[in-house]
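Worksheet: the structure to be examined is printed underneath.
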Amino acid sequence: MPLQLHNTLTQKVEPFQPLADNTVKMYTCGPTVYDYAHIGNFRTFVFYDLLRRWLRASGFALNHVMNITDVDDKIIRNAVAQGRSLRDYTDNFTKAFLDDCGTLRLERPEHIARATDHINEMAEAIAKLEAGGYTYRSDDSVYFRISQFPGYGKLSHNDFSGMVAGARVDVDEYEKSDARDFALWKAPKDKDEPAWDTCIGTGRPGWHIECSVMAYQFLGATLDLHAGGVDLIFPHHENEIAQSEALTGQPFARFWVHSEFLLVEGQKMSKSLGNFYTLRDLFSRGFTPESVRFLLASVPYRKGLNFTFEGLHSAKTAIDRLRNFKLRLETAKLAEGENSEVQTAAEAAHTGFRAAMDDDLNTAEALGAVFEFLRAANVALDGGTFLDGNRARALELMVLFDSVFEILKPSETADGISADDVEAQIAARAAAKKARDFARADQIRNELLEKGVILEDTKDGVRWKRK
RNA sequence: GGCGCGGUAGCCAAGUGGUAAGGCAAGGGUCUGCAAAACCCUUAUUCGUCGGUUCGAUCCCGACCCGCGCCUCCA
């Protein structure tokens, strides 16, 4: 069964493949860099990462663009309030965002596009829309007239045909002739406001046009896949479709894939509830990036995710168990031969893992396949029926698992004792034990523990790992 | 009100028209000089409520209740 994904456009789970050659042209909506990204944002960014990894595992090459929105009302307000330039203000949060992505082991998209690097192209696109009769001006701002675009509503499955101009209270600060028309270009409201001089006048782009323009610039008229959070379906993605298809006359994206929301302790995240967390907040409480990544990845992207501290602890323990298993596979002394039952179980786990991921990235089920095998293999290892010939396939399962989840390798800690030193200490302890100098042996063990190294006395000898 | 998602053990969560994956927690055990660590075992007559279809429904249909998202900036 090939990879299947849920397509918001058709509201069905459908087989996915790129239109041309083997390369997936994908565009994902990135952050608006007015503040540090929070874990709700990262739920979506982790989803993008899982999607990338499994697309590649499915044999596709990727051409992935993610935007950085570095001009919008909130950014301007904050930058002005702090007396900083737009660029200076957004550089800070852009860097923080990319750092956070690195910490969470998110793969870097092939292209990261900052909106303000493409203002002229946006202005040209708007000029083209004006020439095509899709727009109107009001106080030097330019609006898209959605009544000119017949397919409007096809993504969010809303019916706008009954809409009447003026029927709805206009909450926007700008004058629009129809409540759902949206700004393509905003003229500055006062002199301090950052603005660009372009072929269509002075001002700045609206939010939606940046994605349409940068997607076209990097990937062409039709994308294979466009992703984002569910909250972007309307109006953002609906508007992107309207602009892009009005510009090119071609379908904008073949697959639309959206990730569900994240709750914190069963409640929506908000600053007033005090449950609004950035990665930095979680790390300062002692949680590791791997735990956060695992928790965010372990719930399928189309299900709401309840982010809890118990879940974070749970993730940590689960990761330890997976790491222990891999270590055991690598270090166990095994008898020659191959046990066919174990081998069959390993194959079943491989197949189960792949089938689950192929089924709209069902990470929960994929994890189930891994843990099921883990237990069976541990039983076999305990019973001596896990043989040397079973080792490779079992380790390959862990490689497959980690190619998606990427949590087995512990994050670097700044100050750590070297592996050679650990080995030397272990040898010293073994000697002390042999001489029945248990006091000395315990002392060595405790010293290592203080340095974050845990010793395990197993029947195959001493194994160690970092805390 | 419209559109969309969801309600499964203490918590997180998968899943199927034929009788409930997996993880965490909890309890028990194995190993060990003692520990630690590790590993194993046990834990839902039951899947929001009420009807219906069916030989049989957690899974299909209908109604209802509850939670969440979007409809205005928002992952």
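Because only heavy atoms are used, hydrogens play no part in the values below, and waters and symmetry mates are left out as well, while side chains stay in. Residue numbering restarts at 1 for every chain, and letters A, B, ... go by the order of the sequence lines.
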Pairwise N/O distances under 3.5 Å, protein to nucleotides 11-15 of chain B:
from, atom 1, to, atom 2, distance (Å)
B:C12, OP1, A:Asn306, ND2, 3.3
B:A14, OP2, A:Lys303, NZ, 2.7
B:A14, O3', A:Asn362, ND2, 2.9
B:G15, OP1, A:Asn362, ND2, 2.7

Pick out the pairs of N or O atoms, protein on one side and nucleotides 1-4 of chain B on the other, that lie under 3.5 Å.
from, atom 1, to, atom 2, distance (Å)
B:C3, O2', A:Ser156, O, 3.0

Detail all sub-3.5 Å separations between protein N/O atoms and N/O atoms belonging to nucleotides 30-33 of chain B.
from, atom 1, to, atom 2, distance (Å)
B:G33, N1, A:Asp442, OD1, 3.0
B:G33, N2, A:Asp442, OD2, 3.0

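Remark: the separation of the C1' atoms in B:U8 and B:A57 is 14 Å, to the nearest Å.
Comparing A:His6 and A:Arg43, the nucleotide of RNA chain B nearest to each residue sits closer to the 5' end for A:His6. Along RNA chain B, the nucleotide nearest A:Pro31 and the nucleotide nearest A:Asp320 are compared for position; the residue whose nucleotide lies closer to the 5' end is A:Asp320.
For A:Gln343, the side chain to side chain donor-acceptor pair (under 3.5 Å) test picks out A:Asn390, with sequence neighbours left out. Under the rule for a side chain to side chain donor-acceptor pair (under 3.5 Å), the partners of A:Arg440 that lie at least two apart in sequence or sit in another chain are A:Gln443. A:Asn339 is linked by a side chain to side chain donor-acceptor pair (under 3.5 Å) to nothing, counting only residues two or more places apart in sequence or in another chain. The side chain to side chain donor-acceptor pair (under 3.5 Å) test applied to A:Asp99 returns A:Lys95, not counting sequence neighbours. Every residue two or more places apart in sequence or in another chain that forms a salt bridge (Lys or Arg N to Asp or Glu O under 4.0 Å) with A:Glu110 is listed here: A:Arg52. Contacts of A:Asp231 classified as salt bridge (Lys or Arg N to Asp or Glu O under 4.0 Å), with partners at least two apart in sequence or in another chain: none.
Remark: B:U53 base-pairs with no nucleotide in the shown strands. Criterion, Watson-Crick or G-U wobble with two distances under 3.5 Å.
Using a 4.0 Å cut-off between a side-chain N of Lys or Arg and a carboxylate O of Asp or Glu, A:Lys451 and A:Asp421 do not qualify as a salt bridge.
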Atom pairs and distances, donor-acceptor, side-chain atoms in residues 365-379 of chain A, under 3.5 Å, two or more places apart:
from, atom 1, to, atom 2, distance (Å)
A:Glu365, OE1, A:Asn362, ND2, 3.2

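Residue pairs that meet the side-chain hydrogen bond (donor to acceptor under 3.5 Å, both in side chains) test with at least one member in residues 314-323 of chain A, sequence neighbours left out, are A:Glu290-A:Arg323, A:Lys316-A:Asp320. Applying the salt bridge (Lys or Arg N to Asp or Glu O under 4.0 Å) rule to pairs touching residues 291-308 of chain A yields A:Asp49-A:Arg293, A:Arg302-A:Asp360, sequence neighbours excluded.
For A:Lys268, taking side-chain heavy atoms from C-beta onward, the closest of the listed nucleotides B:G69, B:C40, B:C71 is B:G69.
When each of A:Arg114, A:His118, A:His111 is checked for a side chain to side chain contact (heavy atoms under 4.5 Å, CB included) with A:Met214, only A:His118 meets the rule.
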